[in-house]
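A short worksheet on the structure shown next.
No experiment lies behind these values; they were computed from the predicted model shown. By convention in this document, chain letters (A, B, ...) are assigned in the order of the sequence lines, proteins followed by strands, and residues within each chain are numbered from 1.
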Amino acid sequence: MSICLLISKNGRHKPIHLPHLQTVVLGRSPETTIKDKKCSREQVELKADCNKGYISVKQLGFNPTSVDSEVVGKGNQVEMRSGQQLHMVNELYPYTVCFKEDPSNSQSSVSTKRPCGPASEEREFHREPPGHKVPRKTEDSTQCKHGGSTSTNTRPEPQTTEKTETLGYWSQGLKASMQDPKMQVYKDDRVVVIMDKYPKAHYHWLVLPWESIPSLKTLHRGHCDLLRHMNQVADRIVQQQCPDAGLLHFRQGYHAIPSMSHVHLHVISQDFDSPCLKNKKHWNSFTTDYFIESQEVIQMLEKDGKVTVKEGTNELLKLPLCCHVCGMALSTIPQLKEHLKSHPYGRL
DNA sequence: GTTCTAGAAC
DNA sequence: GTTCTAGAAC
């Protein structure tokens with residue numbers, strides 16, 4: 001399959017990879033180098049169809065995005081093909097689209113992928129631009145599946161003995177993402193932090209242990225230290241990567257019944273300003289008791305040696321929409337999103 | 001987890 | 001007619 005590249009015509013930055021059928025939101029951010037306030041941080045939503053050879057361009061921002069001088073219009077969507085020109089906003093910041101053969105399809109490129117994880121005690125931060133709301137997906141989700149034949153690093157490999165944990169199923173996606181250097185924001189000998197692939201707020205990271213822990217049910221008292229460390233790492237990420245950390249409210253916690261396998265701590269800003277937040281389930285999973293505070297999980301482990309999820313927790317996802325800050329009831333997701341603009345920092 | 005889409009709600 | 005949700009499929 002070919003890959004899709006969005007190329008800045010005036011060479012402002014390197015080409016942006018648009019993964020096949022994956023929504024990518026671009027706008028004013030370090031990634032595009034656009035600082036123009038007329039350009040929203042979420043100006044356009046792009047989705048490439050590498051099979052059909054076009055990208056869908058949806059204007060999210062208020063000011064006009066255009067394709068070949070034709071304004072898309074807020075909320076509208078058009079198709080753009082090779083040879084056409086996208087202007088991010090106000091007929092400025094031109095881009096072209098290019099479909100070309102994926103060089104990573106060759107076997108040699110797979111074997112030269114990053115050997116999994118850092119050496120023991122290694123700690124490093126990768127400062128990714130937070131404005132890029134949908135991090136690019138790995139070109140090869142099977143990378144590191146076998147640890148890399150030449151790897152000499154000492155980090156414990158994920159357990160691959162359980163047949164049910166075969167990579168490739170959608171619910172196993174985190175295992176691939178956490179191994180992908182492009183997704184990693186921080187890693188040390190115990191944990192890795194990645195940006196959520198479909199962030200539900202302006203800032204949304206996942207902290208995952210290298211140790212294979214399928215779910216909250218598998219946690220025991222011996223994991224308390226690890227969970228405390230995950231919390232500390234999360235605190236540091238927020239401080240280091242979020243310039244609004246003083247104003248913007250954050251929460252750290254776990255979904256009671258997560259869809260994705262492998263224990264992951266959500267670190268999420270409470271603005272919930274994201275095009276990826278689309279439905280009631282998304283909303284209630286972060287704003288009801290379906291979201292269990294990290295401290296509460298640690299306390300349960302310390303006290304009971306296990307995490308207990310209350311009966312009926314799944315029903316919380318069906319609750320009526322209700323503002324997490326002021327409690328106001330909203331009848332639809334669009335109305336909720338409009339209301340959330342009155343709480344930009346996620347608190348009163 | 002997401003995407004797609006039928007049909008409910010407006 | 002359009003918007004929005006919710007369930008199936010992946």
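Using a 4.0 Å heavy-atom criterion, one finds that His204(A) contacts no nucleic acid atom at all. Within 4.0 Å (heavy atoms only), Ser171(A) reaches no atom of the nucleic acid at all. Across all strands shown, Leu174(A) has no heavy atoms under 4.0 Å from either base or sugar-phosphate atoms. Within 4.0 Å (heavy atoms only), Lys200(A) reaches sugar-phosphate atoms of the nucleic acid but no base atom.
Ring planes of Phe272(A) and His324(A): perpendicular class, angle over 60° (limits at 30 and 60°).
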Practice task
Might you work through the side-chain contact (heavy atoms from CB on, under 4.5 Å) test for Met183(A) and Lys197(A), ending with a clear yes or no?
Solution key: CA-CA 8 Å; Met183(A) 305 288 279; Lys197(A) 200 177 272 186; 3.8 Å; yes

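A 4.5 Å side-chain heavy-atom check between Val193(A) and Leu265(A) finds every atom pair outside the cut-off.
Mapping heavy-atom proximity under 4.0 Å, the span of DNA chain C touched by chain A runs 5' to 3' from dC4(C) to dC10(C).
In summary, of the residues considered (Gln85(A), His87(A), Gln84(A)), a side chain to side chain donor-acceptor pair (under 3.5 Å) with Asp68(A) occurs for Gln84(A) alone.
In this view, His204(A) and His266(A), Phe286(A) satisfy the ring pair (Phe, Tyr, Trp, His ring centres under 6.0 Å) rule, not counting sequence neighbours.
For residues 32-54 of chain A, no residue pair satisfies the ring pair (Phe, Tyr, Trp, His ring centres under 6.0 Å) rule, not counting sequence neighbours.
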